Amino acid sequence: MQQHKLYINGEYIDSASVDTIDVINPATEQVISRIPAGTEEDANKAIEAAYEAQKKWEKVSSADRGKIVRELGDKLKERRETFIELLSEEQGKPYEQASGEVDTAIDYFYYMSEWARRIEGEIIPSDRPNENILMFRKPIGVAAGIVPWNFPVFILARKVATALITGCSIVLKPSQQTPNTAAEFTKIVDEMNDIPAGVYNFITGKGSTIGTVMAAHPKVGIITMTGSVKAGTKVMEAAAKNITKVNLELGGKAPAIVTKNANLETAVKCIKTSRITNSGQACTNAERVYVHEDIAKEFIEKMTQSMKDTKLGMPNDKDAEMGPLVSQDRLDIVHEIVQNAVQNGAKVLTGGKRAEMSSGFFYEPTVITNVQQDSEIIQDEIFGPVLPILTFKTLDEAIELANDSDYGLSSSIYTDNVHEAMRAANELKFGETFINRENFEAIQGYHAGLRKSGLGGADGKHGIEDFTVTHAVYMQYDDEKQ
């Protein structure tokens, strides 16, 4: 069994604590590795190393940083199968989904490397004669990156590639449930002589300990975290001490609207994909469906059958559509939400219980009707393969119900009527709206939410901007001194 170490200032080191945390395979329920339960001392050491290294890293030419970020993608690609295997083992993704995540991470490094010569400032006309206003974009400093367990490879790439290309150093903390892929990535960094010591640091431990130190440290320029609203709130509270910039993706409760003008085959296929991908453990997953009453019966029958036909399997099963939930805790929470709905009059059409597998935290794909808009299952994030369905009479009503949420990350609508589609695009209050397709963002887009779904965003040029600060320079010149 592998015992990981911390990686600080270019060296593998032991934690200040001898305590460890077990990492469990969610499909077999077996312990597969152990990580150090890092301490406040460890976190401070990593941040200090990153702070000193960043001073030199920002002076490396942008083109050279781009080559290094590209090389990270190359080396990740060389070890593609290793990362797929580690990801499936620690997180439970079926092979096809794990390979898709790793490939997206590779593409992310390639994409970000191409920004080496594209991070631009501005020249602004001055009100005064003989003066230019130069607007520079400079790195914000040390990035403290907190990676979640649901996409541990892709979101690692999202944070590391963006930090490095903008001239920031990074202290990376993976989830204690899925640290093995980050530990493997750290081996890549350690082998690359072009990355100065301290530019990348890897630290493990509990979020309540490490995350709080990272957020509260005065030498951190930005804390970028993907996780729960509860964790994000704690990060904001800690960051407030030093007015540290926060970049938070905190979850979602994505509505899917199916109008009477929808292609039902497309709607069923895409909503199913958007619900069961990663076993429903993604903040962009379709979490609630609003279907027009005229087509509700047919849609619900098709949707129920499609969910019922989902092939569950162990992560190494290349035919599996869905793997386990990440932990026993997650399984218990999902089932409790379903049971609460049933006790309040909801009807389970398929699923509604733990799947009968030889081992693992598997939950049956579930369809539920007869639920109310103000109920827990409609208002709170499920984060599991459970799909509640309500009906509506008019598009006005559907949009109003969709917007009735504390979350505001993703949304979708299924319709072949362009007028309905455009109206929904204008009136849905979410950071993303997907029309007649499954919910998943593009790396060149912008992944950001409203309300409790977070602050700031990721991907594309706007995601890069979050890791930079503006510096306005007012430059006077004497036109007689030539």
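Not measured: the values here are computed from a predicted model.
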Query raised in the report: Do you know the tightest heavy-atom contact between Val171 and Ala46?
Result: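 Smallest interatomic distance, heavy atoms only, reads CG2-O, 3.6 Å.
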
Query raised in the report: Quick one: which of Ile223, Ile210, Thr224 gives a side-chain contact (heavy atoms from CB on, under 4.5 Å) with Ile146?
Result: Ile223

Query raised in the report: Between OH of Tyr407 and OG of Ser453, what distance do you get to the nearest 0.5 Å?
Result: 7.5 Å

**Report entry** Separation of Ile68 CD1 from Ser113 OG (nearest 0.5 Å)
**Finding:** 11.5 Å

Report task. Give the ring-plane orientation class for Phe440 versus Phe151, where under 30° counts as parallel, over 60° as perpendicular and anything between as tilted. Result ->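 Ring orientation, 0 to 90° scale: tilted.
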
Report task. Evaluate the ring planes of Tyr446 and His462, with Trp represented by its six-membered ring, and classify them as parallel (under 30°), tilted (30 to 60°) or perpendicular (over 60°). Result -> perpendicular

Query - Sole residue of Tyr200, Phe202, Tyr7 in ring pair (Phe, Tyr, Trp, His ring centres under 6.0 Å) with Phe185 - result: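 Among Tyr200, Phe202, Tyr7, the one that satisfies the ring pair (Phe, Tyr, Trp, His ring centres under 6.0 Å) with Phe185 is Tyr200.
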
Query raised in the report: With side chains defined as the heavy atoms from C-beta onward, is the minimum distance between Lys159 and Ile170 less than 4.5 Å?
Result: yes

Query raised in the report: Would a 4.5 Å heavy-atom cut-off, applied to side chains only, mark Leu6 and Tyr12 as touching?
Result: no

Query raised in the report: side-chain contact (heavy atoms from CB on, under 4.5 Å) with Ala216: which residues, sequence neighbours excluded?
Result: Ala238

More than 12 foreign heavy atoms under 6.0 Å from [atom1] of [X]: is that the case here?
X      : atom1 : answer
Glu321 : CD    : yes
Lys311 : NZ    : yes
Glu465 : CD    : yes
Lys55  : NZ    : yes
Lys452 : NZ    : no
Lys219 : NZ    : yes

**Report entry** Steps toward salt bridge (charged side-chain N to carboxylate O under 4.0 Å, His left out) verdict (Asp406, Arg451)
**Finding:** CA-CA 6 Å; Asp406 287 340; Arg451 301 184 289 281; over 6 Å; no

Does a salt bridge link [X] with [Y], judged by any charged N lying under 4.0 Å from a carboxylate O?
X      : Y      : result
Glu184 : Lys187 : yes
Lys461 : Glu120 : no
Lys93  : Glu101 : yes

Query raised in the report: Is the closest side-chain donor-acceptor distance between Asp309 and Ser306 under 3.5 Å?
Result: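 Their side chains do not contain a donor-acceptor pair, so the 3.5 Å distance test is not met.
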
**Report entry** Modelled atom types, side-chain donor and acceptor of Asp459 and Tyr108, under 3.5 Å
**Finding:**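 Distance-only check passes for Asp459 and Tyr108.
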
Query - Within residues 191-212 or reaching into it, pairs that qualify as salt bridge (Lys or Arg N to Asp or Glu O under 4.0 Å) - sequence neighbours excluded - result: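 Those involving residues 191-212 are Arg79-Glu191.
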
Query raised in the report: For the rings on Trp149 and Phe383, is their centre-to-centre separation under 6.0 Å?
Result: yes

**Report entry** Within 45° cone of Tyr110 ring axis and under 6.0 Å: Arg70 NZ or CZ
**Finding:** yes

